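In this text, all values refer to a predicted model and were calculated from it rather than measured experimentally.
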Amino acid sequence: MSALLPLPEDIKHLLEEYLPGEKPFLTLTYAQSLDSRVSAGPGLRTVISHEQTKTMTHYIRAHHDAIVVGISTFLADNPSLNCRYNLNKHKIRPVIIDPHFKSSSKLAGSKIVENYTNGTGLKPLIVVSRDVNSSSTEEFDVVHLKCVNGRFPWEIIVKKLHELGLPRIMVEGGAYIINSLLTEPKLVDSLIITIGPVFLGENGVSVSPGQNVTLENIKWWTGIQDSVICATLK
């Protein structure tokens, strides 16, 4: 695992108003291409951001209690979902939104379980439907929530994470989760998007919410390669 690049002080200063303090907070953050794609195709792991903005992502993780991804992101990327910025002082709880528990056969050999086993990450939390028969193991916890039309309402997810002592929530994807949260301005406290200088094409998985979304409190930052937009949902 390569060392993180240094993070410029100006991006730290810009991020201050978009990161949580002690109160409950939800940050939606992800990387996309110039044509608003988050991957080159369904199920394809796609690198978009520069190492510099990857350091920024870990810096953002260091200010949160939980990091949330959907089952498609977990299966496609096998992500680490840990915090490598100031690693010895902060760990973040990985959470997978997995209504049908598709991750059950993949968790044992996953990076998130490996991180928990070797002490570089916290125990994964898997959110599944009440209709799923499952049991927790030493490597991860399973929480059952009520599904509505096969999906979990975000209010239910956020409430449950708060009850579990995870008030500062960071959501990283995938596309379905991003699109659904972009239409929840009352739940999303800040939006941080990394834009990489690449077009992924018409077969890519796009971020395009089902309704108009207006941003405010907008600030931009440009680094070695990527640009970052920070905003709130109006």
Is a salt bridge present between [X] and [Y], judged by a nitrogen-to-oxygen distance below 4.0 Å?
X: D65; Y: R93; answer: no
X: R61; Y: E172; answer: yes
X: E114; Y: K111; answer: no

Any chance [atom1] of [X] has more than 12 other-residue heavy atoms, nucleotides or ligands included, within less than 6.0 Å?
X: K102; atom1: NZ; value: no
X: E216; atom1: CD; value: yes
X: E163; atom1: CD; value: yes

Inset, instruction - Keeping the roles fixed (side chain from R37, backbone from V207), state whether a donor-acceptor pair exists under 3.5 Å. - result: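 No, the answer is negative, given that no donor and acceptor are paired below the 3.5 Å cut-off.
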
Legend entry - Donor-acceptor contact present, side-chain H63 to main-chain G21, <3.5 Å: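 No; zero donor-acceptor contacts below 3.5 Å.
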
Under 3.5 Å, is there a donor-acceptor pair linking the side chains of [X] and [Y]?
X: H100; Y: S129; value: no
X: D226; Y: T53; value: yes
X: S227; Y: T222; value: yes
X: W154; Y: S180; value: yes

Inset, instruction - Of all the heavy-atom pairs spanning I195 and S33, show the shortest one and how long it is. - result: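 Answer, listing the atom of I195 first, then S33: CG2-O, 4.2 Å.
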
Legend entry - Qualifying residue for side-chain contact (heavy atoms from CB on, under 4.5 Å) with L125, from L161, V142, I96: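 Of the listed options, the one satisfying the test is L161.
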
